[in-house]
Amino acid sequence: MLTSLMKVLAILAAATAAAFVQARWQGLKWVESREAYQEQQTRKAQLADRLIDLDRFRELIDMGAAVIDVREADQFAEEHLDLGPGAMLPVLNVPPGEGALHLERLHALLSYTGTIVLYCNSATCPYSKELYIELQNVGFISAGFPDVYIYEDGWQGIEDEGLPTTSGPDTWTGGGFGEPMTDGSDPGEPNAQEANAP
Amino acid sequence: MNDGTKPATGNTTAPLARPNPRLWIAGLVARLVVGGLFIVSAYAKLEDLPRFAEEIRSYQMVPVEITNAMAYVIPWVELLAGLLLLTTLWRAEARNLLLVMLAVFTVAKGTALARGLNIECGCGGDLAALKLIFDNPQGVLTNVALMALLVVDREAQLRSGAARPGAEESTAADKGQDGEAQPAAE
């Protein structure tokens with residue numbers, strides 16, 4: 001019995017040691033701050049008015065809004081929303097936690113539209129909200145511009161509703177399929193947007 | 001079948017009971033399934049520890065301050081215990097550890113269900129299929145099934161009859177003397 005207990009303790013000790021090494025190597029916080037966590041939860045709760053349903057999602061796409069898929073790159077490459085051949089811009093992919101790495105492309109995106117819709121995996125997926133907060137923190141979203149929404153049901157909703165999809169990695173480098181706006185405020189021509197409807 | 005005779009002198013490796021092939025196979029399958037699932041699950045968690053920490057916090061069952069530490073240690077425990085179970089190195093200890101973990105996870109998932117918490121995000125990258133198995137509400141049933149498999153493995157080990165040098169095993173002589181068989185050591 002004692003031997004068995006010692007073996008269990010040895011497993012736990014080895015796991016703790018491995019975890020400690022990994023946390024140090026990856027620069028992870030060993031202790032989470034309650035204040036920081038509560039602040040993040042408060043900011044996420046304040047995004048309730050940014051959440052949209054499918055009808056509003058379709059409406060914004062028709063108006064020429066850009067769409068950003070906030071899932072892992074391999075998930076995006078496997079399958080993602082297809083805005084159709086008439087879309088001014090393709091769906092972009094900004095993986096979780098990489099908002100700051102895509103700022104240049106996001107700024108280029110504002111030449112085509114002032115409205116952006118984010119989506120991630122599902123209604124309980126936090127990635128879209130986290131990207132929104134990250135973009136606020138770096139000043140990309142400021143004083144209500146650009147107008148950023150979050151499609152609440154995310155990829156799960158896209159699949160459930162049978163919206164058109166396609167596959168392949170995100171290769172967008174800043175050029176749109178249509179003409180960029182001159183003043184950064186007009187979402188685009190109605191004719192092109194109707195063809196965009198999924 | 002044990003006919004009450006002592007094993008041959010010096011032969012401490014002869015089986016004391018006829019192994020049950022079906023039970024042995026059942027135990028093997030149980031170890032492969034449970035050990036394999038835990039190893040894969042541990043790998044998925046180790047790829048995105050902050051995400052796993054967030055999941056632990058969403059259960060709202062432990063202080064926020066320790067959720068990171070839990071998120072870092074649990075996958076390594078799963079990985080080590082899964083490997084030990086598969087390789088049968090410390091089979092019983094790994095099994096008991098996994099049983100305790102499954103029991104705790106089941107209580108946590110059941111509590112979350114009862115409180116109406118919708119905490120699974122469907123995330124998991126290439127291992128999204130794994131999430132389908134473990135997400136609520138089917139996750140509770142999955143855990144119960146895994147615990148049942150571990151019990152099968154325990155029975156397979158107890159009844160295998162394989163003698164280990166130095167192990168506290170029942171011998172035919174002991175059985176004959178006190179009329180009561182001692183279970184194989186765990």
Side-chain angles (χ1 to χ4, degrees), chain A residues 1 3-38 40-41 44 70-79 95-97 120-130 153-157 159, chain B residues 42 46-51 53-58 60 62-85 89-98 100-101 117-128 131 135-136 166-168 185-186:
Chain A
M1 183 67 177
T3 305
S4 193
L5 181 60
M6 294 298 291
K7 288 178 181 175
V8 170
L9 291 175
I11 295 171
L12 294 175
T16 303
F20 186 75
V21 170
Q22 182 182 17
R24 288 290 295 269
W25 175 50
Q26 293 185 350
L28 301 171
K29 289 187 302 180
W30 195 254
V31 178
E32 175 69 13
S33 161
R34 176 177 289 274
E35 291 73 26
Y37 174 70
Q38 287 177 340
Q40 189 192 50
Q41 294 302 103
K44 283 183 182 177
V70 194
R71 298 180 298 153
E72 299 293 348
D74 52 0
Q75 287 179 290
F76 179 88
E78 185 180 333
E79 198 174 9
C120 60
N121 286 284
S122 67
T124 54
C125 173
Y127 295 153
S128 300
K129 293 177 182 174
E130 289 174 359
D153 289 336
W155 178 246
Q156 194 170 326
E159 280 193 314
Chain B
L46 288 170
E47 279 207 307
D48 194 354
L49 290 178
R51 172 70 15 239
E54 186 66 38
E55 278 189 32
I56 294 176
R57 284 190 282 274
S58 63
Q60 302 174 21
V62 295
V64 169
E65 290 83 352
I66 68 172
T67 53
N68 280 5
M70 288 178 63
Y72 302 161
V73 175
I74 288 174
W76 282 106
V77 175
E78 290 182 349
L79 182 63
L80 291 176
L83 286 170
L84 289 170
L85 184 68
L89 279 175
W90 286 352
R91 180 177 173 181
E93 289 76 17
R95 183 177 54 239
N96 292 339
L97 198 49
L98 291 175
V100 170
M101 291 177 73
L117 296 177
N118 186 9
I119 55 181
E120 282 77 15
C121 70
C123 318
D126 290 339
L127 301 174
K131 281 286 184 177
D135 280 5
N136 269 346
E168 300 88 335
E186 276 224 313

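The model shown is predicted, which means the values in this text are computed figures rather than measured ones. Proteins come first, then strands; the chains are lettered A, B, ... in the order of their sequence lines, and each starts at number 1. What's counted below: heavy atoms across the whole structure, side chains too, no hydrogens, waters or symmetry copies.
Residues B/Pro75 and B/Ala42 approach most closely at O-CB, 3.2 Å, considering heavy atoms. Closest non-hydrogen pair, A/Val70 versus A/Cys120, comes out as O-CB, 3.3 Å.
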For residues 5-25 of chain A, run the donor-acceptor check on the side chains, cut-off 3.5 Å, and write out each pair with its distance to 0.1 Å, sequence neighbours left out.
| from | atom 1 | to | atom 2 | distance (Å) |
| --- | --- | --- | --- | --- |
| A/Thr16 | OG1 | A/Leu12 | O | 2.8 |
| A/Gln22 | OE1 | B/Trp76 | NE1 | 2.9 |

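With a threshold of 4.5 angstrom between heavy atoms, A/Gln41 approaches chain B through side-chain atoms but not through N, CA, C or O. With a threshold of 4.5 angstrom between heavy atoms, A/Glu35 does not approach chain B through any atom at all. For B/Leu79, no part lies under 4.5 angstrom from a heavy atom of chain A. Neither the backbone nor the side chain of B/Ile74 comes within contact range of chain A; no heavy atom of the residue lies under 4.5 Å from a heavy atom of that chain.
For the atom pair NZ of A/Lys129 and CD of A/Gln40, the computed distance is 11.0 Å after rounding to the nearest 0.5 Å.
B/Ser58 contributes a side-chain N or O that, together with a main-chain N or O of B/Glu55, makes up a donor-acceptor pair within less than 3.5 Å.
Counting only heavy atoms from C-beta outward, the side chains of B/Leu46 and B/Leu49 approach each other to under 4.5 Å.
Under the salt bridge (charged side-chain N to carboxylate O under 4.0 Å, His left out) criterion, the residue pairs touching residues 71-81 of chain B are B/Lys45-B/Glu78, with sequence neighbours excluded.
Using non-hydrogen atoms only and a strict 4.5 Å limit, the part of residues 63-71 of chain B facing chain A consists of B/Pro63, B/Val64, B/Glu65, B/Thr67, B/Asn68, B/Ala69.
For A/Ala36, the side chain to side chain contact (heavy atoms under 4.5 Å, CB included) partners are A/Ser33, not counting sequence neighbours.
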